[in-house]
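Keep in mind that this is a model prediction, so the values were computed, not measured.
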Amino acid sequence: MRYVIHAYDYTDDQAMDRRLAVRPNHFDGARQLKADGHFVLGGALLDPDGKMIGSMMLLDFDTEDQLNDWLQNEVYISGKVWERIDIKPFKQADV
């Protein structure tokens, strides 16, 4: 099952510092997801001025338990980068 994740950052004064501090670890995790065949697409969500305000990821897991395991280990969650996360099952259009 594919899942689309929209995750929105905290907006306090230290939010960007926390994002940048754990960003290398987040990228390492995304690279591992890709190597394991789970990462389809992802990147930063931007405001109209180009400032990072969150993330979007399209992930593919065999089970919901795998999704939940990833959520338990994602550094943008444990590092208090993402404040609000919206996850929806996703079906790609065959066009």
Side-chain angles (χ1 to χ4, degrees):
M1 172 64 67
R2 287 190 172 178
Y3 298 91
V4 63
I5 292 105
H6 288 99
Y8 300 93
D9 293 358
Y10 284 88
T11 58
D12 58 272
D13 291 340
Q14 293 79 37
M16 185 59 70
D17 292 337
R18 288 194 306 274
R19 174 182 263 273
L20 296 177
V22 297
R23 193 173 192 218
N25 301 93
H26 171 72
F27 283 172
D28 287 344
R31 286 184 193 97
Q32 187 61 54
L33 284 170
K34 185 174 183 178
D36 294 340
H38 301 300
F39 182 89
V40 178
L41 176 73
L45 297 173
L46 306 176
D47 71 8
D49 296 323
K51 177 184 168 199
M52 290 184 285
I53 58 167
S55 307
M56 188 287 297
M57 297 177 81
L58 182 59
L59 302 178
D60 190 353
F61 292 108
D62 293 329
T63 67
E64 193 170 329
D65 286 341
Q66 288 178 320
L67 169 67
N68 290 326
D69 287 343
W70 168 73
L71 288 167
Q72 292 296 320
N73 295 295
E74 171 52 55
V75 296
Y76 273 7
I77 295 172
S78 62
K80 303 276 190 228
V81 174
W82 291 339
E83 180 177 28
R84 185 170 51 91
I85 304 168
D86 181 58
I87 300 172
K88 298 280 191 293
F90 178 82
K91 183 176 179 182
Q92 186 173 341
D94 186 20
V95 295

Thinking salt bridges, do Asp9 and Arg18 make one under a 4.0 Å N-O criterion?
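Salt bridge between Asp9 and Arg18, a charged N being under 4.0 Å from a carboxylate O: no.
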
Straight-line distance of [X] [atom1] to [Y] [atom2], nearest 0.5 Å:
| X | Y | atom1 | atom2 | result |
| --- | --- | --- | --- | --- |
| Asp94 | Gln92 | CG | CD | 8.0 Å |
| Asp60 | Met1 | CG | CE | 9.5 Å |
| His38 | Leu59 | NE2 | CG | 9.0 Å |
| Ile5 | Leu71 | CD1 | CG | 7.0 Å |

Within the side chain of Asp12, is there an N or O that forms a donor-acceptor pair under 3.5 Å with the backbone of Gln14?
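Flag set: sc Asp12 to bb Gln14 pair under 3.5 Å.
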
Closest non-hydrogen atom pair, Phe90 against Val4 =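 So the minimum-distance heavy-atom pair works out to CB-N, 4.0 Å.
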
Notebook entry, point to check: Which pair of non-hydrogen atoms, one from Tyr10 and one from Lys80, has the smallest distance, and what is that distance?
Noted result: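 Shortest heavy-atom contact: CD1-O, 3.0 Å.
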
Item checked: Neighbour count above 12 (heavy atom, 6.0 Å) for Glu64 CD ->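 No - once you tally the heavy atoms of other residues, nucleotides and ligands closer than 6.0 Å, there are 12 at most.
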
Expected list for residues 23-31: side-chain donor-acceptor pairs under 3.5 angstrom, two or more places apart:
{"residue": "His26", "atom": "ND1", "partner": "Glu74", "partner atom": "OE2", "Å": "2.8"}
{"residue": "Asp28", "atom": "OD1", "partner": "Arg31", "partner atom": "NH1", "Å": "3.2"}

Subject >> Heavy-atom side-chain contact between Leu33 and Phe61 under 4.5 Å >> reply: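 A side-chain contact under 4.5 Å exists here.
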
Output side-chain donor-acceptor pairs under 3.5 Å for residues 40-58, partner residues at least two apart or in another chain, one line each.
{"residue": "Asp47", "atom": "OD1", "partner": "Asp49", "partner atom": "N", "Å": "2.8"}
{"residue": "Asp47", "atom": "OD1", "partner": "Gly50", "partner atom": "N", "Å": "3.0"}
{"residue": "Asp47", "atom": "OD1", "partner": "Lys51", "partner atom": "N", "Å": "2.9"}
{"residue": "Ser55", "atom": "OG", "partner": "Arg19", "partner atom": "NH2", "Å": "3.2"}
{"residue": "Ser55", "atom": "OG", "partner": "Trp82", "partner atom": "NE1", "Å": "3.1"}

- prompt: Are Val22 and Phe39 in one and the same hydrophobic cluster, where Ile, Leu, Val, Met, Phe, Trp and Tyr link if side-chain heavy atoms are under 4.5 Å apart?
  reply: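 Same hydrophobic cluster.
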
Val75-Ile85 co-clustered via ILVMFWY side chain contacts under 4.5 Å: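 Result: yes, single cluster for both.
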
